[in-house]
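See structure below.
The figures that follow rest on heavy atoms only: side chains count, while hydrogens, waters and symmetry mates do not. Quick caveat, the model's predicted, so the values are computed rather than measured.
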Amino acid sequence: MEGNDSVITRSSGALTKYDLIVVGSGFAGCMTTLNFLEHAKSLGKSATVALVEAGKEGERCGASRWTPAFFRLDKDNKFDSNFKNEMKLVSNGLADQAYCEKLETEVPHTVQFLLDHGVKVQHQTENNVYLGFDTDQNFAKGDGGGYAIILKLFEHISSFPNVEIMWETNAEQLLTLDDGTIHGVRVRKNNGYLSEIFGKQVMLSCGGFEGNREMMAQYVGPRSEQLGLVAPGLKYNTGYGLKMGLQVGAATAGSFHGLHCELVDTRSSKPEATVWGHSFGIVVNEHSKRFYDEGNRSLFATCEVIAYETWRDQNQKAYFITDAPIMDRFRPGWVYGTTDLEPEEGDTIEDLAEKLGLNPKELKQTLDEYNSSIDNKEFNPTVLDGKRTNGLTPNKTNWANPIRVAPFYGYPLTAKVVFTFGGLKVDLDSRVISTTGTPIPGLYCAGELSGFYYNEVNS
């Protein structure tokens with residue numbers, strides 16, 4: 001962002017001086033705010049910042065405060081160097097490779113920034129699950145999840161006297177000068193009235209549009225109203241950032257019909273009750289038929305696609321089925337431990353089917369066909385083991401272990417949305433790009449709102 005010469009304007013009759021207006025208080029908004037304040041201080045300046053948030057003070061608003069905050073990091077906090085290749089593969093070459101490469105370069109510095117500000121990062125070597133990351137089977141997690149990270153960042157932000165945090169304030173329109181420069185936002189306060197906040201630069205970091213049913217129907221398509229939100233804070237991600245950008249001529253990027261979904265435990269009321277381990281059993285629909293290759297690629301590469309398929313073509317109903325050796329191997333742990341409920345259990349497949357509300361004969365037939373089609377390769381969940389079925393539609397191409405040892409276990413599943421893909425196009429300095437290919441003066445964007453992800457090819 002540019003320098004720190006203030007723009008002096010009037011808002012609701014009061015003299016204000018904001019060098020930067022940040023819309024949204026998740027990871028992107030907090031990091032922008034804190035970096036900006038600290039950088040100005042290092043230059044001997046006292047920059048003024050308005051941090052605008054639609055949610056209530058003390059509320060876990062948005063997505064960042066709910067995420068478990070998994071990071072693709074090796075033990076030295078270097079980012080997964082295979083990420084750019086993964087993005088190129090699943091987007092059929094549409095993903096911005098320069099963006100991916102800069103991300104890889106910047107992540108270690110960002111992690112160090114968090115560590116320097118008191119955020120604790122836990123590293124874990126995964127000995128049971130093939131991650132598909134170039135991190136030597138290592139990944140990391142923010143201690144206390146995203147909520148703890150946000151609280152720590154806010155602790156530092158609040159120590160600056162020259163930042164104003166505006167809760168219950170929804171940014172709805174960008175303010176422009178005659179030459180197109182962005183110089184503020186029009187906001188709606190919790191009393192329903194509009195007011196204007198002026199500043200030299202505006203950072204839009206207010207999430208996607210998963211909390212807006214109209215926009216979900218417009219972009220994602222029919223029956224999108226059936227997609228619940230994986231966490232309650234997402235109700236604030238109503239797409240205003242996208243609307244504001246489009247109104248001033250911003251270009252877009254990412255798949256607008258695309259979104260990241262996860263399969264969650266239908267029985268649970270817990271946010272983020274995700275069942276991760278679909279790869280180590282079979283997943284069937286309400287007619288007890290398999291509909292997706294559960295071992296297509298790594299667990300993290302396929303969790304999104306199988307959830308999307310569950311919503312799109314399987315009436316939002318799926319059921320994970322496995323047996324005792326798998327549960328004994330992976331529990332306790334994150335693979336099946338994110339939901340707060342124990343799996344359904346049966347001494348026979350028919351017993352399990354009854355508890356899941358499936359037809360016992362249909363499930364038994366599907367399982368018998370699956371078990372009889374498996375090759376004799378060794379099962380190894382730490383690699384793409386090639387242990388597969390033959391003659392099924394669809395086949396399972398890795399980790400096709402027989403499901404024969406009682407007790408049998410199952411989870412009823414449904415898809416819930418985590419974030420949307422389509423957003424504003426930005427350059428490598430987070431400047432919002434116009435439809436003519438030039439940066440829009442004074443406008444920046446970060447986080448989910450910056451369009452980057454594309455639906456996997458053929459999904």
(request) Determine the sole option in F421, F256, Y99 for which the ring-ring contact (aromatic ring centres under 6.0 Å, His included) test with Y453 is passed. (result) F421

Neighbour count >12 (heavy atoms, 6.0 Å) for atom [atom1], [X]:
X: D179; atom1: CG; answer: yes
X: K270; atom1: NZ; answer: yes
X: K88; atom1: NZ; answer: no
X: K425; atom1: NZ; answer: no

Is a side-chain N or O of [X] found less than 3.5 angstrom from the main chain of [Y], in a donor-acceptor match?
X: S434; Y: T436; value: yes
X: W276; Y: C303; value: no
X: D385; Y: N398; value: no
X: S255; Y: H257; value: no
X: Q137; Y: V129; value: yes
X: T266; Y: L413; value: yes
X: R431; Y: D427; value: no
X: K416; Y: A307; value: no
X: Y18; Y: V49; value: no
X: R72; Y: T135; value: no

(request) Evaluate the criterion side-chain hydrogen bond (donor to acceptor under 3.5 Å, both in side chains) for residue pair E448 and T420; output intermediate values, then yes/no. (result) CA-CA 7 Å; E448 180 187 352; T420 48; 3.2 Å; yes

(request) Would you please indicate if the ring centroids of F330 and W399 are separated by under 6.0 Å? (result) no

(message) Tell me if the centroids of the rings in Y409 and Y336 come within less than 6.0 Å of each other.
(response) no

(request) Begin from the C-alpha positions of F300 and F139 and carry the test side-chain contact (heavy atoms from CB on, under 4.5 Å) through to its verdict. (result) CA-CA 12 Å; F300 288 117; F139 71 96; 5.9 Å; no

Nearest atoms (heavy-atom pairs only) where [X] meets [Y]:
X: M203; Y: S430; answer: CE-CB, 4.4 Å
X: Y411; Y: L341; answer: CE2-O, 4.0 Å
X: N77; Y: L115; answer: ND2-CD1, 3.9 Å
X: A318; Y: V283; answer: CB-CG1, 3.9 Å
X: K200; Y: D19; answer: CB-O, 3.6 Å
X: N138; Y: F133; answer: O-CD1, 4.3 Å

Roughly how far, to the nearest 0.5 Å, is the [atom2] atom of [Y] from the [atom1] atom of [X]?
X: Q97; Y: S91; atom1: CD; atom2: OG; result: 7.0 Å
X: Q173; Y: E196; atom1: CD; atom2: CD; result: 8.5 Å
X: N85; Y: M87; atom1: CG; atom2: CE; result: 10.0 Å
X: R60; Y: L151; atom1: CZ; atom2: CG; result: 9.0 Å
X: L449; Y: L204; atom1: CG; atom2: CG; result: 6.0 Å
X: M31; Y: T110; atom1: CE; atom2: OG1; result: 5.0 Å

Would you kindly say whether [X] and [Y] are connected by a side-chain donor-acceptor distance under 3.5 Å?
X: Y292; Y: Q314; result: no
X: R267; Y: T339; result: no
X: E272; Y: T338; result: no
X: H260; Y: E304; result: yes
X: Y236; Y: E53; result: no
X: T169; Y: K189; result: yes

Do [X] and [Y] have side chains that get closer than 4.5 Å, going by heavy atoms?
X: F452; Y: C100; result: yes
X: F27; Y: T67; result: yes
X: Q122; Y: K120; result: no
X: V417; Y: V230; result: no
X: F160; Y: L34; result: yes
X: I182; Y: I440; result: yes
X: N128; Y: F280; result: no
X: S81; Y: E104; result: yes

(message) I'd like to know if K78 and D74 make a salt bridge, using a cut-off of under 4.0 Å between side-chain N and carboxylate O.
(response) no

(request) Give a yes or no on whether a salt bridge exists between K102 and D429, defined as a side-chain N under 4.0 angstrom from a carboxylate O. (result) yes

(request) Please say which of K317, Q226, Q316 ends up in a side chain to side chain donor-acceptor pair (under 3.5 Å) with T414. (result) Q316

(request) Please determine which of Q112, E38, E155, K152 meets the side chain to side chain donor-acceptor pair (under 3.5 Å) test together with H117. (result) E38

(message) Applying side-chain contact (heavy atoms from CB on, under 4.5 Å) to F36 and V22, what does each step give before you reach the verdict?
(response) CA-CA 10 Å; F36 191 82; V22 178; over 6 Å; no

(request) Decide yes or no on side-chain contact (heavy atoms from CB on, under 4.5 Å) for E86 and D80, but give the supporting numbers first. (result) CA-CA 10 Å; E86 175 75 8; D80 172 21; over 6 Å; no

(request) For V305 and E309, run side-chain contact (heavy atoms from CB on, under 4.5 Å): C-alpha distance rounded to whole Å, both residues' side-chain angles, the deciding distance at 0.1 Å, then the answer. (result) CA-CA 6 Å; V305 185; E309 168 74 8; 5.5 Å; no

